[in-house]
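When reading the values below, keep in mind they use all heavy atoms of this one structure, side chains included, and skip hydrogens, waters and symmetry mates. Chain letters run A, B, ... following the sequence lines, proteins first, then strands; residues in each count from 1.
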Number of protein chains: 4
Amino acid sequence: MATDAQQACFEAGIKFGSLYHQFAGTPVSPSSIRSLETAMAEAIEKQPFCESVTVEIHGDRVADAIDHENDYTELTGSLMDVEMRIDYEGVRVRTRMTMTDGYPLMELVGVDEP
Amino acid sequence: MATDAQQACFEAGIKFGSLYHQFAGTPVSPSSIRSLETAMAEAIEKQPFCESVTVEIHGDRVADAIDHENDYTELTGSLMDVEMRIDYEGVRVRTRMTMTDGYPLMELVGVDEP
Amino acid sequence: MATDAQQACFEAGIKFGSLYHQFAGTPVSPSSIRSLETAMAEAIEKQPFCESVTVEIHGDRVADAIDHENDYTELTGSLMDVEMRIDYEGVRVRTRMTMTDGYPLMELVGVDEP
Amino acid sequence: MATDAQQACFEAGIKFGSLYHQFAGTPVSPSSIRSLETAMAEAIEKQPFCESVTVEIHGDRVADAIDHENDYTELTGSLMDVEMRIDYEGVRVRTRMTMTDGYPLMELVGVDEP
């Protein structure tokens with residue numbers, strides 16, 4: 001019914017939606033960026049068909065987002081770049097989330113069939 | 001690069017991951033099932049390319065999951081069925097989440113190209 | 001050890017943290033405000049010692065927050081006011097979250113001992 | 001109006017509700033326990049008046065919760081113990097979440113006024 005490539009893209013989307021809505025809103029400051037990046041990547045890599053996840057939370061953007069009286073902000077898509085690779089039955093899908101025109105955009109970068 | 005059908009499946013996956021990880025853990029009891037189903041469906045339907053979302057939280061499963069001293073439980077995938085339709089550039093994707101062998105399974109039901 | 005009034009305030013805080021971190025990030029547009037307000041209030045009211053929850057998501061703020069190409073935004077503390085009443089062993093606690101100096105502030109409004 | 005001790009207990013509750021509803025549902029396996037514990041503690045420690053947070057996710061409980069075909073489970077309160085210390089205007093509050101009668105219970109352990 002669905003092709004392996006379509007299934008692979010579906011799985012890639014699940015991981016992106018999961019990562020975003022599980023972790024958006026988490027308190028973050030420059031000193032906690034590393035632990036949050038690691039935990040996000042390791043959590044989503046557990047999900048089926050997920051080969052690798054790289055999360056980069058930008059320290060300068062976090063610093064800019066921190067308000068006047070607290071020393072933290074909340075994680076949003078605009079503070080990070082994410083790259084992910086999915087392998088479903090040999091189809092490899094590469095995806096990323098980056099800032100595009102001021103908004104975080106989730107996109108398919110490549111779909112490589114065997 | 002990616003086909004419209006693959007993009008459509010990617011978008012479908014994003015919605016499923018979003019719905020699950022946004023709302024899993026929400027306190028729910030038999031009397032709040034309707035409002036939670038409605039809010040979940042209306043929230044995810046806002047996302048791009050999402051045509052319709054149907055959420056059915058099963059009252060009997062919620063009642064069974066409620067513990068001895070509280071009168072609520074937390075929403076998990078095993079308490080609900082979800083159906084979703086995506087339309088991306090004319091490609092229509094149908095997806096669902098149902099209990100299969102005791103676990104909630106997200107799956108592509110159909111990919112209809114124009 | 002802890003007084004009933006202190007316990008009541010602890011319970012009030014739990015509900016506020018729960019409400020915020022469960023629902024922040026939910027997609028919302030002017031047309032889905034009502035269902036989200038209702039689901040949030042009914043979900044948190046299920047928690048122990050919670051008498052009532054009122055959530056008001058401001059349509060004008062949601063409209064202002066919506067970006068140029070999508071028709072929704074993500075729920076944040078700055079879009080809503082929340083009021084909550086807790087009753088723990090006869091101690092009634094009133095709490096609210098409102099915008100103060102540009103930031104959402106959770107605060108105790110009153111602690112009434114029997 | 002509210003005493004410093006009551007405010008301190010309110011703040012303690014906010015942190016507990018935040019921790020629980022931000023991170024419940026996160027995919028976790030024995031190999032990702034450490035990174036998740038660290039990220040949870042560091043995130044919540046950023047919040048106002050929070051002195052320290054210790055999160056212990058039990059590897060044996062995670063292993064028992066993992067299902068037959070995946071190699072991960074979702075974080076729930078029953079898999080972890082949490083201890084937290086709050087300091088509000090000199091009032092120190094100690095709190096913990098532990099399994100009690102089969103359910104995770106959040107509780108005040110001590111309220112020490114200066």
* Asked: Where is the tightest heavy-atom contact between C:Thr26 and B:Ala43, given as atom of each residue plus distance?
  -> CG2-CB, 3.6 Å
* Portion of B:Ala41 that has a non-hydrogen atom of chain C nearer than 4.5 angstrom -> neither
* Asked: Among B:Pro27, B:Ser31, B:Ser35, which one satisfies side chain to side chain contact (heavy atoms under 4.5 Å, CB included) with C:Glu42?
  -> B:Ser35
* **Gap separating the CD atom of B:Gln47 from the CG atom of C:Asp71, nearest 0.5 angstrom** => 11.0 Å
* To do: Identify which part of B:Ser18 has an atom lying under 4.5 Å from any heavy atom of chain C, answering side chain, backbone, both or neither.
  => neither
* To do: Go through B:Glu37, B:Lys46, B:Met40 and name the one with the most non-hydrogen pairs under 4.5 angstrom from chain C.
  => B:Lys46
